[in-house]
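Since this is a predicted model, take the numbers as computed values, not measurements. Convention: sequence-line order gives letters A, B, ...; per-chain numbering from 1. Just so it is clear, the values below take in all heavy atoms, side chains as well, and ignore hydrogens, waters and symmetry mates.
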Protein chains: 2
Amino acid sequence: MTTAQSQVELLVCTRCRHGEGDDGAADRPGNLLMQALRQVSLPGVTITPVECMSNCARGCTVALRGAGRWTYIYGDLDADAHLQTICQGAAAYRAAPDGLVPWRERPEHFRKNCIARIPPMEST
Amino acid sequence: MTTAQSQVELLVCTRCRHGEGDDGAADRPGNLLMQALRQVSLPGVTITPVECMSNCARGCTVALRGAGRWTYIYGDLDADAHLQTICQGAAAYRAAPDGLVPWRERPEHFRKNCIARIPPMEST
């Protein structure tokens, strides 16, 4: 059974170059974003690194998913500018049992930079 | 257990306007794409309509997913031009137990118009 406050997963594309040159995997913007997210408090959110989520044209990229929930993919993210956005969005997502966060409760960046969404496998 | 030839799912965004005006839900390009796909042979592929996959800027949109497989989202699709592409891509996806189709075996449109991909939930 999925409850409103069950664990959710935040996938982070760690190999994203964010349109920059390749200064080595450790310094890639995607990896820096993941490292920054590991330093903040995200109760009930498991952070999972992913090697390329194939949204290279609009990285950095994260996705939120959980059992019984819609999966949402967000792009055009930056470790310096959007940590708070990601934290707020992840908390709102966790509070929505089906992953469908009301429009007005989504961070503005999430509203404008949703790359795609996928329905829960259980619903289809 | 996931086998190479197990059932996979083809999600189709049925509300996609493909940059056109709204001539009613039945005539939307996304719905026409789904109707066209229902007319072709797709062994082992379940077609699932989805009301908006939030890839509106690059529709029409489909996604391929299955238990234990990576999920792939493809865009810029057209019912007239890309039926064969989708059929070929879905068959290759079904033949790959983890959903990872070798680059050269992917239809060209799929190579150039992958919107995003998500790892299998079971792997993380």
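- Heavy atoms of B:T71 lying under 4.5 Å from chain A belong exclusively to its side chain.
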*In sequence, state the C-alpha distance, the side-chain angles, and the governing distance for B:R106 and B:Y72, and then conclude on side chain to side chain contact (heavy atoms under 4.5 Å, CB included).*
CA-CA 12 Å; B:R106 300 179 196 180; B:Y72 278 82; 3.8 Å; yes
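- No donor-acceptor pair under 3.5 Å is formed between the side chain of A:R65 and the backbone N or O of A:E9.
- The closest donor-acceptor contact from the side chain of B:R117 to the backbone of B:I73 lies at 3.5 Å or more, if one exists at all.
- Within the 4.5 angstrom heavy-atom criterion, only side-chain atoms of B:A63, from C-beta onward, approach chain A.
- Heavy atoms of B:I115 lying under 4.5 Å from chain A belong to its backbone as well as its side chain.
- Contacts between B:C52 and chain A at a heavy-atom distance below 4.5 Å involve backbone atoms as well as side-chain atoms.
- Using modelled atom types, one side-chain atom of B:R69 and one backbone atom of B:A96 make a donor-acceptor pair closer than 3.5 Å.
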